[in-house]
> 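Attaching a single structure in structure tokens format; questions to follow.
Quick note: numbers below take in every heavy atom, side chains included, and nothing from hydrogens, waters or symmetry partners.
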Amino acid sequence: MSEATLDPSGPDEWSEFRSLAHRMLDDMLDHLAGLPQEPAWRPIPPDVRSSFQQPLPREGIGAAAAYQEYLRLVQPYPNGNLHPRYWGWVQGNGTPLGMMADMLAAGLNPHLAGFNHAPALVEHQVIRWLAELMDFPAGASGLFVTGGSMANVLGVAVARHAALHGIGYDIRQHGFQPRSGLAKPPVLVCYGSSETHGWARKAVELLGLGNRALRQIPVGADYRMDLDQLSQAVAEDRSAGALPCCVIGTAGTVNTGATDDLDALADSCRSERIWFHVDGAFGALLKLSENLRNIVRGLERADSVAFDLHKWGYLPFECACILVRDEELHRAAFATSASYLAETARGVIAGGLPFADRGIDLTRGFKALKVWLSFQAHGIDAYSTLIEQNVAQARYLTELVEGHPDMELVAPTALNIVCFRYAPPDLAKSDLNRVNEEILLRLQEGGIAVPSATTLGGRFALRCANVNHRSRRADFETLVEAVGRIGREVTGRSQHDTHALEESVDHVENQARHR
């Protein structure tokens, strides 16, 4: 009696699948190699979009035919983040080796709750490496998760547990539900700047604190948290009987790339006995650069830090990490037990399920493999060089904008994010937001480049967040030329942008030669 399987059946089918697999790999490598010649983004045609309304397939068409559908319907229409001129939303680009690591991880398909196998040792080792890079203690705890949002949520969850445990309240047992004979827990408060990423609101809502528990502290002209305002807010909340839960410092804000004064925040949190959490989604990895790590000085004093390896680690999605200084507190916030998951002295589950005890997920994929392979293959110094290159490119773009008569910066370039707009002096201020939004859309729809947008002080800005290891200075020159040209088209102004760009490039290069 023949029994079903999803593997190829017999030598001939295995040979056929092997050929298809080699073709898939070759096609993808050709796609990556040809990226500079491709549009940065292309709209999805109506006929392609409508093809995704097909009914559920009951009968299969075979792997080769299904792959043809992928080539026709999917591969030509990504969001562009692989491309050298993609600078939108702080999205990484991935690497060929990272892609292969994901293939190896999927092929091996290990379960990373823990277990007694080599993949668990890989994750333990990579967490130790990352703790070392962040100057955390050797015994720090860590976990790989999907992205910075989840990593940050877990950090605040540990902070919530620590704050209530410190006053003898068991949040895991009692929650926030009122019970007779049980003292009501105090109101918990979290603090972050007005530039803190939107994950923080989701975190306080998900953790039962409510959005009112998130105090948004004003920022200064440099978009960094105002420390005097923070101190005042903490004092007011304590006076009202609330319990400060954590302060969220940001290493690299999403709008402008600003970094809070982490050292001063660490001092404040230590003095006030408040958990200090750092959202280092991309900025934490400045720790890899000897020349830039001073920007995040104080991060190593945090109680927890969250960061993405799929941003300034350049790896494929998904790959983020949460590090917690106190291993016992981390475990205490999440660990559970069940007879069917009981550890044994020997065998497959010897060593237990330590990663399941550090977060929500029981079933976890092998995210650490692409970090492990990439760090060994490229070395940390290569990442330091690339991060410094991205920051230098952002400064170059800034200089091109400042040297162009029809463009202006909308915020200081603190790191790797440049916010600017087309703003010729004779154009009415009331028209600038509309004009720049149209410029943004034409840049994207024309496949020229993919910046994103933000609004700062009521001003709509093109926002280039550069975590792109494929970008070259010429790409930023192409962007500035295109912004000027499209701006002229939208406003009907006379043509002088090419000459203006040439003068701007010459000016920047002359400045560089005299430094």
> Please work out which of the three classes, parallel, tilted or perpendicular, describes the rings of F476 and W87, given edges at 30° and 60°.
parallel
> Does NZ or CZ of R473 fall inside the cone over Y396's six-membered ring, less than 6.0 Å from its centre and within 45° of the axis?
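Yes, R473 sits over the ring of Y396.
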> Using the salt bridge (Lys or Arg N to Asp or Glu O under 4.0 Å) rule, collect all pairs that involve residues 77-92, keeping only residues at least two apart or in two chains.
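Passing the test, one end in residues 77-92: R85-D475.
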> Between the side chains of R493 and D426, is the shortest nitrogen-to-carboxylate-oxygen separation below 4.0 Å, so that they form an ion pair?
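Salt bridge: yes.
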> State which residues pass side chain to side chain donor-acceptor pair (under 3.5 Å) with D12; sequence neighbours excluded, sorted by chain then number.
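Expected list: none.
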> Under 3.5 Å, is there a donor on one side chain and an acceptor on the other for T250 and D279?
no
> Using the ring of each side chain (for Trp, its six-membered ring), is F115 parallel, tilted or perpendicular to H117, with breaks at 30° and 60°?
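Perpendicular: the ring planes of F115 and H117 meet at over 60°.
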> Taking all non-hydrogen atoms of both residues, which atom of C321 and which atom of L309 are closest, and how far apart?
CB-CD2, 4.4 Å
> With no hydrogens and no angle check, do the side chains of S452 and R463 hold a donor and an acceptor under 3.5 Å apart?
yes
> With no hydrogens and no angle check, just 3.5 Å: does a side-chain donor-acceptor pair link S289 and E388?
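S289 vs E388: donor-acceptor pair found between side chains.
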> Can a donor-acceptor pair be found between the side chains of W312 and N390 at a distance below 3.5 Å?
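Note: W312 and N390 side chains meet the donor-acceptor criterion.
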> Could you name each residue pair satisfying salt bridge (Lys or Arg N to Asp or Glu O under 4.0 Å) that touches residues 49-59, not counting sequence neighbours?
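Pairs touching residues 49-59 that pass the test: none.
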